[in-house]
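Order of the sequence lines fixes the chain letters, A, B, ..., with proteins taken first and strands second; residue numbering starts at 1 for each chain.
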Amino acid sequence: MAEEKLTTQAENFSDWYNELVIRAELADYSPVRGCMVVRPYGWRVWENIQAALDKRFKETGHVNAAFPLLIPKSFLEKEKEHVEGFSPELAIVTVGGGEELEEPLVVRPTSETIIGYMYSKWVKSWRDLPILINQWGSVVRWEMRTKLFLRTTEFYWQEGHTAHATEEEAREETFRMLDVYADFAINEAAIPVIKGIKSETEKFAGAVMSTTIEAMMGDTKALQSGTSHFLGQNFAKAFEIQYSDKNNELQFAWTTSWGLSTRMVGAIIMTHGDDKGLVLPPRLAPIQVVMVPIFKNESEKRQVMPVADDLFAALRAAGVRVKMDDREEVTPGFKYNDWELRGVPLRMEIGPKDIEKNSVALARRDVPGREGKIFVPQTGIVPTVQNLLVEIQAALLAKATAFRDSHIFSPNNFEELTQVLQNGWALSHWCESSACEAKVKEATKAATRCIPIDQPASTGACIVCGQPSKRKVIFGKAY
RNA sequence: CGGGGUGUAGCGCAGUUGGCAGCGCACCGCGUUUGGGACGCGGGGGCCGGCGGUUCAAGUCCGCCCACCCCGACCA
């Protein structure tokens, strides 16, 4: 049961987040360092994310499968950049069944290697391509500093792995899945994201090109919320994924991989949450409408409950995720705060006055106080609620977009760049050299987030060194 | 691994010159309450992070160790 007030975002955004995750019962700390327990309420959010993504994966021709958790250590070593990137954060199993293993097994940090190995077995002919497989699972990366949902030692995600006959096809796939992620983020999570390409230093270990959707959190820090990689032939060569083309010539395949994790839950919390707690987008909320019946005594209860039950049944029959909070040991006021903390988009209050007037009170989570509370007739409650949920979903996206756009700046020089990065992102010309990127990081702790894909053609001078630049990049502090 | 901090009930904390281990919230029971975080009465719950030392006596003093948190280096 919730206690009193949350730390406010202004007081300490990080404390606000940590307290909220615990008190809203999304997740809890586990006895194992850096690992988290996803509690039922948090997991239902993840399940809704999974459903929305999985539907999109299927629509774009992908199928699900499952690959092993344990991978021979030698597999990781077959791709040079991949092993360099991941070896510091591997968990390694050396004993099984009481015996020292002949070859140590790594707990997968990602599955390019073992899937690459399997693809080499499955691919013989151009007719075997493309292979479009996704897997839902978890991976382990031995992180130094962890934070619930954002960075934990084990995290849950999906990883898609595809193999194609041509470079062009593989590049198309990379961007197709980036579009899927962006569509999901915007239309399901109500998080405006910027699609872009990662710099050389920020890209995935082993990729030729990494793309990302970047979101701005409520403290203006950036969160990479999903990534899609064009792997070129790097893994195909390391694992000998080869096929005979139509001319019977042996070719290496071209592969991609793309992932989105439970980090998305953290993104939702930090994009929409406020000082009263969580604010969940209706499309992903485990509970879309919570009903709070109000009565003082048995006689009022006998009047109120049958009507409340009927409304509940009508909403549920219409597919609305509705919950009746019929606890009698806590007051309605307590319930209001409790469900606001948990981010339920819409609250319905129904008491004796409503029975008299054939009305109910509806309170929007995204509009605080009296302004968000309206009285509507019980008649037609289903469309009323459905329309409001759609409205709330749109309002969340609009609000988050306005917030983000008001915190993206266009500094004119390096000095201004360091200034604006204290309170947002910078969109600037950049020569794409690692040296200039490092200088910005040195001065501000901010890195390049991505080169936005959708940007008007322009030429300019690198904000750091003044060399000519053809594209703008986003700089920002990141999680 | 560097810098800083904290370990006392589930959570947040107090504990004076060393002298019966406490408070608030949460939890359990009973009753009254219930349209924005109700109240009364009665209860349960402790290896005071660990080990060692000083002392008649240690949550308190001394030493060592451990864990966790925050800030950096690394990261979806």
Pick the C1' atom in B:rG45 and in B:rC11, then give their distance to the nearest Å. 14 Å
Starting at atom CZ of A:F375, determine the distance to atom C1' of B:rG35, rounded to an integer number of angstrom. 8 Å
Under the 3.5 Å rule, do the base of B:rG36 and the side chain of A:E340 count as making a donor-acceptor pair? yes
For A:D338 and B:rA38, give me the distance from atom CG to atom P, rounded to whole Å. 11 Å
Would you name the heavy atoms of A:E214 and A:A222 that are closest together and state the gap between them? OE1-CB, 3.8 Å
Roughly how many Å apart are B:rG19 and B:rU60, using the P atom of each and rounding to a whole number? 10 Å
Restricting to pairs with a member in residues 267-314 of chain A, which pass ring pair (Phe, Tyr, Trp, His ring centres under 6.0 Å), not counting sequence neighbours? none
Could you identify the nucleotide paired to B:rA21, looking across every strand shown and requiring Watson-Crick or G-U wobble geometry with both distances under 3.5 Å? none
Which one, B:rG36, B:rU34, B:rG72, comes nearest to the side chain of A:N337? B:rG36
Scan A:K335 against the nucleic acid and name what it touches under 4.0 Å (heavy atoms): base, sugar-phosphate only, or nothing. nothing
In Watson-Crick or G-U wobble terms, both distances under 3.5 Å, what is the partner of B:rG72? B:rC1
Checking N1-N3 plus N6-O4 or O6-N4 for Watson-Crick, or N1-O2 and O6-N3 for wobble, each under 3.5 Å, the partner of B:rC39 is B:rG31
Base B:rG36 paired with A:R370 side chain (donor-acceptor, <3.5 Å): no
Which is true for A:K373 with a 4.0 Å heavy-atom rule: it touches a base, it touches only sugar-phosphate, or it touches nothing? base
Pairs involving residues 279-292 of chain A, ordered by first then second residue, that meet salt bridge (Lys or Arg N to Asp or Glu O under 4.0 Å) (sequence neighbours left out): A:E188-A:R283
Counting Watson-Crick and G-U wobble pairs only, both distances under 3.5 Å, name the nucleotide matched with B:rA58, or none. none
Give a yes or no on whether the ring-centroid distance for A:Y156 and A:W136 is below 6.0 angstrom. no
Would you indicate what A:D354 reaches in the nucleic acid, counting non-hydrogen atoms under 4.0 angstrom: base, sugar-phosphate, or nothing? base
For B:rC23 versus B:rA14, give the span between their P atoms, rounded off to a whole number of Å. 16 Å
Which residue, A:E202 or A:K296, contacts RNA chain B at a nucleotide closer to its 5' end, judged by nearest heavy atom? A:K296
NA contact type, A:T152, heavy-atom cut-off 4.0 Å: base, sugar-phosphate, or nothing? base
Between A:S359 and A:D354, do the side chains contain an N or O donor and an N or O acceptor separated by less than 3.5 Å? yes
How about A:Q135 and A:S111: does a side-chain donor come under 3.5 Å of a side-chain acceptor? yes
What's the gap between B:rG18 and B:rC74 when it is taken at their P atoms, as a whole Å value? 49 Å
In whole Å, measure the gap between the P atoms of B:rA58 and B:rU16 for me. 16 Å
Closer than 3.5 angstrom, by distance alone: can the side chain of A:H82 be matched with the main-chain N or O of A:K78 as a donor-acceptor pair? no
Let me spell it out: for each of A:E143 and A:E328, pick the nucleotide of RNA chain B with the closest heavy atom. Which residue's pick is nearer the 5' end? A:E328
Could you measure between the two C1' atoms, the one in B:rG59 and the one in B:rG40, and give it in whole Å? 34 Å
In whole Å, what is the span from the CZ atom of A:F334 to the P atom of B:rA26? 8 Å
Return no unless some side-chain N or O of A:T331 is found under 4.0 Å from OP1 or OP2 of B:rA38. yes
Across all strands shown, which nucleotide pairs with B:rC47 by Watson-Crick or G-U wobble geometry, both distances under 3.5 Å? none
What contact category does A:G259 fall into here, base, sugar-phosphate, or nothing, at under 4.0 angstrom with non-hydrogen atoms? nothing
Nearest to the side chain of A:P352 - B:rC70, B:rG35, B:rC74? B:rG35
Interatomic distance, A:F13 CZ vs B:rC71 P [rounded to whole Å]: 13 Å
Whole-Å distance separating the CZ atom of A:R342 from the P atom of B:rG37: 18 Å
Under 3.5 Å side-chain donor-acceptor pair for A:S14 and A:K147: yes
If we take the P atom in both B:rC51 and B:rU8, what is their distance in whole Å? 15 Å
If we call it a pair only when both distances are under 3.5 Å in a Watson-Crick or G-U wobble match, what pairs with B:rA14? none
Could you tell me the separation between the NZ atom of A:K276 and the C1' atom of B:rG36, rounded to a whole number of Å? 7 Å
Spacing of A:N12 atom CG relative to B:rC69 atom C1', expressed in whole Å: 12 Å
Quickly work out the A:Y336 OH to B:rG35 P distance and round it to whole Å. 7 Å
Complementary nucleotide of B:rA9, counting Watson-Crick and G-U pairs under 3.5 Å: none
Base, sugar-phosphate alone, or nothing: which one does A:L150 contact when heavy atoms must sit under 4.0 Å apart? base
In whole Å, what separates the P atom of B:rG49 from that of B:rC13? 14 Å
